[in-house]
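Shown next, in structure tokens, is the structure this report addresses.
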Amino acid sequence: MRRTTGFGLLAACGLLAGCLGQSQQGDQARNADAKEITLTIVANAAAGGKNARGANWLQNWVVPKFTEQQKAKGVTATIKFEQNGTGDEDYKTKVALDLKTGGGGDIIEIDGIWLGEFAQAGQIKPLDDVVGSTDWDGWNQIPKAVQGLGEFENKRYGVPMGTDGRVLFFNKKLFAQAGLPAEWQPRSWQDVLDAGAKLKSLAGVTPIQLNAGTAMGEATTMQGVLPALVGTGKPVYDNGKWQGDSAQLKDVLGLYQKIYGGGLGDPVLQQEANGRQRSFQLFSENKIGILLESDYFWRSVVEPKNGVAKMADRDAAVGWALVPAKQAGAGVGGQDFVSMSGGGVRVINPNTKFPKQAWEFMQFLNSAEAVKESLAGTAQLTQRQDVNDQVLSGDPMLSFVAEKVLPITRYRPGLANYPRVSAALQQATADVVSGKSPDDAARAYREALVKAVGEENIG
């Protein structure tokens with residue numbers, strides 16, 4: 001995702017006095033006892049269009065239900081849902097303009113990858129600064145790692161709306177043919193490479209698919225580089241600095257070299273315009289042994305009835321395992337296993353006239369009842385562990401992600417420069433896949449990084 005236009009607006013706002021209005025700061029109790037309130041929720045969703053399920057939930061369940069609850073308390077509430085059905089960049093630009101002029105909805109849904117950018121520009125404020133106390137029993141149901149989606153520089157700005165998690169998927173039929181266990185859990189990168197070496201003996205099979213190159217775009221970064229980087233103990237952005245041509249980055253590029261230079265991956269596939277989709281198809285045809293992907297792969301790609309690359313025997317043929325750190329204890333926080341996740345966040349507009357009521361509405365939106373209702377009967381990961389325990393009980397793979405992956409996951413840095421850093425990382429993997437050494441690829445990456453973020457911002 002490119003975000004140049006949106007950031008320009010945010011940066012401009014950050015430099016303009018009065019973006020948020022001096023009277024709005026430190027006035028958390030304003031209108032706290034109001035008996036008539038109006039709250040607007042803004043989302044990039046539209047009935048019959050983009051994110052229709054979310055739009056229907058907000059319009060047909062959330063609005064009347066919350067209004068009814070407020071009425072029972074003696075409060076006349078007017079709840080408005082502002083629908084949008086535009087591209088992500090257009091939506092982001094609109095939100096930035098609204099906030100710049102002191103307007104916008106009271107609660108706004110944004111992509112988690114934008115959070116830091118909005119925060120740095122002063123467009124949004126930490127929740128405590130906006131509404132005062134944010135004590136809520138719901139926090140106990142959201143794993144701390146998932147809460148990180150709504151945090152920036154150790155401050156809480158919003159509540160996650162949902163998330164996902166990345167694992168290693170593997171083909172049990174191919175594993176059986178190669179003499180590998182059906183219940184496979186690698187504990188190091190070497191374990192993965194060793195399994196790949198055994199799979200290499202099978203004719204017509206690509207042992208490992210680790211997304212690489214520029215054609216796969218952000219999929220290369222999220223399903224390749226970043227999980228590997230956190231497996232070295234050093235994330236791509238830490239303590240205000242972007243990771244340069246470090247020993248850890250070279251380790252990651254070395255992993256790519258072992259896979260694509262060692263005949264364990266298909267380098268040509270990484271350069272195809274539809275390479276990712278092709279890898280899905282090949283996996284479903286029992287031609288790829290190991291693939292790093294999010295739970296989306298399970299529920300939407302190889303799903304037996306409606307998947308884009310259906311596997312009739314998915315439930316028996318597809319296994320999954322945690323992504324190991326480079327070696328035991330080498331991951332971020334000393335973890336043995338790692339993952340990366342994405343998702344959306346709801347934030348409260350610092351300009352809201354009703355901060356206390358907006359926080360009450362936020363709690364309602366993220367209550368167990370509301371979150372479960374938002375799924376409309378589908379099995380999908382949510383931000384709440386209690387809801388996951390209930391709705392995912394019949395799906396062992398999604399339950400595994402909820403129970404084992406979400407507590408250890410990490411998120412991308414939500415900063416304006418991230419897309420340029422991501423593009424440089426993609427190019428570094430492309431260089432290695434095409435035959436460059438990890439050292440040369442890392443050197444070229446650093447040169448691109450200096451142009452993208454400036455020497456002073458590289459660790």
In chain order, what residues pass the side-chain hydrogen bond (donor to acceptor under 3.5 Å, both in side chains) check against [X], with sequence neighbours excluded?
| X | value |
| --- | --- |
| Asp295 | Arg299 |
| Lys310 | none |
| Gln185 | none |
| Asp90 | none |

Under 3.5 Å, is there a donor-acceptor pair linking the side chains of [X] and [Y]?
| X | Y | value |
| --- | --- | --- |
| Asn349 | Asp106 | no |
| Thr163 | Tyr411 | yes |
| Gln277 | Gln281 | no |
| Gln270 | Gln209 | yes |

### Task
List the steps, then state whether ring pair (Phe, Tyr, Trp, His ring centres under 6.0 Å) holds for Trp61 with Phe364.
CA-CA 12 Å; Trp61 191 86; Phe364 173 78; 5.6 Å; yes
### Task
Decide salt bridge (Lys or Arg N to Asp or Glu O under 4.0 Å) for Lys94 and Glu89; before the verdict, give the C-alpha distance in whole Å, the side-chain angles of both, and the deciding distance to 0.1 Å.
CA-CA 9 Å; Lys94 178 197 178 306; Glu89 284 304 307; over 6 Å; no
With sequence neighbours left out, write down each residue that passes side-chain contact (heavy atoms from CB on, under 4.5 Å) with [X], or none if nothing qualifies.
| X | value |
| --- | --- |
| Lys155 | Pro126, Tyr157 |
| Ser422 | Glu218, Thr221, Tyr418, Gln426 |
| Pro186 | Leu168, Trp184, Asp191, Val192, Ala321, Pro324 |
| Asp336 | Ala328 |

### Quiz item: cation-pi between Arg420 and Trp242, 6.0 Å / 45°
no
### Query
Are the aromatic ring centres of Phe283 and Phe169 under 6.0 angstrom apart?
no
### Query
Would Asn366 and Arg346 satisfy side-chain contact (heavy atoms from CB on, under 4.5 Å), going step by step from the backbone distance to the final call?
CA-CA 9 Å; Asn366 293 280; Arg346 292 190 185 96; 3.3 Å; yes
### Query
What pairs with Lys404 under salt bridge (charged side-chain N to carboxylate O under 4.0 Å, His left out), at least two apart in sequence or on another chain?
none
### Sequence-distant partners of Glu272, salt bridge (charged side-chain N to carboxylate O under 4.0 Å, His left out), two or more places apart
none
### Query
Who are the ring-ring contact (aromatic ring centres under 6.0 Å, His included) partners of Trp298, not counting sequence neighbours?
Trp320
### Query
Are the side chain of Gln28 and the backbone of Asp128 linked by a donor-acceptor contact shorter than 3.5 Å?
yes
### Message
According to salt bridge (Lys or Arg N to Asp or Glu O under 4.0 Å), does anything in residues 362-373 pair up with another residue at least two apart or in another chain? List the pairs.
### Response
Lys65-Glu369
